[in-house]
Protein chains: 2
Amino acid sequence: MEKKDPDLCKVENTLHILIGKWKPLIIMHLMFGGTKRFSDLQRALAGITTKTLTTQLRELEEQEIILRVVYPVVPPRVEYSITEYGMTLQPVLHLMHEWGNAHLERQLNKEQSTFNNNQ
Amino acid sequence: MEKKDPDLCKVENTLHILIGKWKPLIIMHLMFGGTKRFSDLQRALAGITTKTLTTQLRELEEQEIILRVVYPVVPPRVEYSITEYGMTLQPVLHLMHEWGNAHLERQLNKEQSTFNNNQ
DNA sequence: ATATAAAGTATCTTTAAAGATACTTATAGG
DNA sequence: CCTATAAGTATCTTTAAAGATACTTTATAT
């Protein structure tokens with residue numbers, strides 16, 4: 001990027017962590033809501049299936065963004081939390097949030113002015 | 001995010017702009033390489049098909065991230081460039097690049113230590 | 001009259017992500 | 001001994017993104 005060589009672009013690395021319909025939401029729930037159980041997350045992410053949630057959590061765990069702790073009890077108890085490393089994503093997510101918010105407002109304004117022009 | 005309400009999370013707005021196997025690369029080419037013709041981009045993004053390139057460019061144009069200028073000549077000449085608004089993505093991409101780069105190095109170190117442990 | 005060039009369209013096929021649904025496991029409590 | 005419970009698996013189907021390939025347009029140079 002500094003060398004103006006897009007082949008050296010590492011943006012995809014970050015994108016790869018974040019891509020997945022539910023991943024940003026999962027990360028933010030754990031980042032700001034603290035430790036959560038599987039069923040807590042499933043409740044919070046209304047509409048996600050167990051299979052999808054499992055897949056997303058396993059991928060995030062593999063990347064060491066989240067931690068999975070299993071308590072050997074019956075019925076099972078599994079707790080998910082953000083790792084220290086996962087927390088390093090916070091500034092990135094924050095900036096993306098800011099830009100995304102501004103982008104949304106821009107789009108609303110655009111629609112509004114289209115509406116006005118059609119009056 | 002500030003209110004710790006992930007439903008208000010706007011990260012997806014940004015992600016939506018960036019998602020697409022080639023979009024970050026297209027944006028960065030135009031952001032750092034300046035105005036480019038369709039065929040320039042196709043050459044730069046080795047392996048992309050015309051259909052895919054067209055789709056990605058049209059979506060970015062629709063979001064006003066890039067500008068498409070058609071010169072009415074034969075054979076056609078079409079130039080793509082980043083918009084002023086598109087340039088506002090630069091800090092976001094920069095941070096994503098930094099994090100992605102660090103993440104890559106971390107993964108390489110991890111592999112290295114696995115290798116050492118297996119010696 | 002024909003071939004060429006740039007920037008696409010139009011279709012069809014492949015692949016990957018996500019969703020729906022049913023099943024499993026092991027034990028504590030009634 | 002039967003049931004309920006949490007955290008999943010296992011399969012199958014749907015949907016969306018991307019890729020492959022062939023075709024189109026039209027003024028100009030040959």
Side-chain angles (χ1 to χ4, degrees), chain A residues 6 9 11-27 29-30 33-63 65-82, chain B residues 6 9 11-27 29-30 33-63 65-82:
Chain A
C9 162
V11 172
E12 271 96 352
N13 286 284
T14 305
L15 230 36
H16 182 244
I17 299 291
L18 263 24
I19 281 179
K21 196 174 163 191
W22 304 92
K23 276 185 193 167
L25 234 45
I26 292 172
I27 294 171
H29 263 284
L30 298 178
T35 301
K36 293 253 183 301
R37 298 179 61 170
F38 187 89
S39 51
D40 293 332
L41 286 170
Q42 192 156 26
R43 208 170 309 115
L45 307 168
I48 198 171
T49 63
T50 57
K51 192 204 120 199
T52 303
L53 182 53
T54 303
T55 310
Q56 310 280 294
L57 288 171
R58 292 294 151 83
E59 285 172 15
L60 289 171
E61 188 198 4
E62 160 111 45
Q63 304 290 323
I65 304 298
I66 67 173
L67 183 71
R68 177 171 178 267
V69 177
V70 182
Y71 295 90
V73 295
V74 172
R77 173 185 190 88
V78 179
E79 289 186 347
Y80 294 91
S81 55
I82 197 99
Chain B
C9 162
V11 172
E12 271 95 352
N13 287 283
T14 305
L15 231 37
H16 182 243
I17 299 291
L18 263 24
I19 282 178
K21 196 175 160 188
W22 304 93
K23 275 186 193 165
L25 234 46
I26 292 172
I27 293 171
H29 263 284
L30 298 177
T35 302
K36 292 255 184 302
R37 296 179 63 171
F38 187 89
S39 49
D40 294 333
L41 287 169
Q42 192 156 24
R43 209 170 309 116
L45 306 166
I48 197 172
T49 64
T50 56
K51 192 205 119 197
T52 303
L53 182 52
T54 303
T55 310
Q56 309 280 293
L57 288 170
R58 291 295 151 80
E59 285 173 16
L60 289 171
E61 188 198 3
E62 160 112 45
Q63 304 289 323
I65 305 298
I66 67 172
L67 184 69
R68 177 172 177 267
V69 178
V70 182
Y71 296 90
V73 295
V74 171
R77 174 185 189 86
V78 180
E79 288 186 348
Y80 293 91
S81 55
I82 197 99

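The chains referred to below are lettered A, B, ... by the order of the sequence lines, with proteins before strands, and numbering in each begins at 1.
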Original post:
Is there side-chain contact between B:L41 and B:L57, with at least one heavy-atom pair below 4.5 Å?
Top reply: yes
Subject >> B:K23 and B:I65, any side-chain heavy atoms less than 4.5 Å apart >> reply: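 A side-chain contact under 4.5 Å is absent here.
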May I ask you to evaluate whether [X] reaches the phosphate of [N], defined as a side-chain N or O under 4.0 Å from OP1 or OP2?
X	N	answer
A:K51	D:dA7	no
B:S39	C:dA6	no
B:Q56	D:dA18	yes
A:R37	D:dA7	yes
B:K21	D:dG19	yes
A:R77	D:dT5	no
A:T49	C:dA20	no

Starting from [atom2] on [N], measure out to [atom1] on [X] and report it in whole angstrom.
X	N	atom1	atom2	result
A:L53	D:dT9	CG	C1'	14 Å
A:I19	D:dA17	CD1	P	11 Å
B:H16	C:dA17	NE2	C1'	15 Å
A:E59	D:dG8	CD	P	15 Å
A:Q42	D:dT5	CD	P	15 Å
B:E61	C:dA7	CD	P	15 Å
A:E12	D:dA17	CD	C1'	16 Å
B:L57	C:dG8	CG	C1'	11 Å

**OP:** Go through the steps for A:E61 and A:I66 under the test side-chain contact (heavy atoms from CB on, under 4.5 Å), then give the verdict.
**Re:** CA-CA 5 Å; A:E61 188 198 4; A:I66 67 173; 4.2 Å; yes
**OP:** Using heavy atoms to find the nearest nucleotide of DNA chain D for B:T52 and A:R68 separately, return the residue whose nucleotide is more 5′.
**Re:** A:R68
**OP:** Identify whether any heavy atom of A:T50 sits under 4.0 Å from a base atom; if not, whether one sits that close to sugar-phosphate; answer base, sugar-phosphate or nothing.
**Re:**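 Base contact.
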Original post:
What is the nucleic acid contact for A:Y80, judged by heavy atoms within less than 4.0 Å: base, sugar-phosphate only, or nothing?
Top reply: sugar-phosphate
Between [options], spot the one nearest the side chain of [X], thanks.
X	options	value
B:W22	C:dA5, D:dG19, D:dA6	D:dG19
A:R58	D:dA6, D:dG8, C:dA26	D:dG8
B:T54	C:dA7, C:dT9, C:dT27	C:dT9

Subject >> Stepwise side-chain contact (heavy atoms from CB on, under 4.5 Å) test for B:R68 and B:R58 >> reply: CA-CA 9 Å; B:R68 177 172 177 267; B:R58 291 295 151 80; 3.0 Å; yes
Subject >> Stepwise side-chain contact (heavy atoms from CB on, under 4.5 Å) test for B:Y80 and B:L30 >> reply: CA-CA 8 Å; B:Y80 293 91; B:L30 298 177; 4.1 Å; yes
Original post:
Hey, what do you get for CG (A:D40) to CD (A:E79), rounding to the nearest 0.5 Å?
Top reply: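 A:D40 atom CG to A:E79 atom CD measures 8.5 Å (nearest 0.5 Å).
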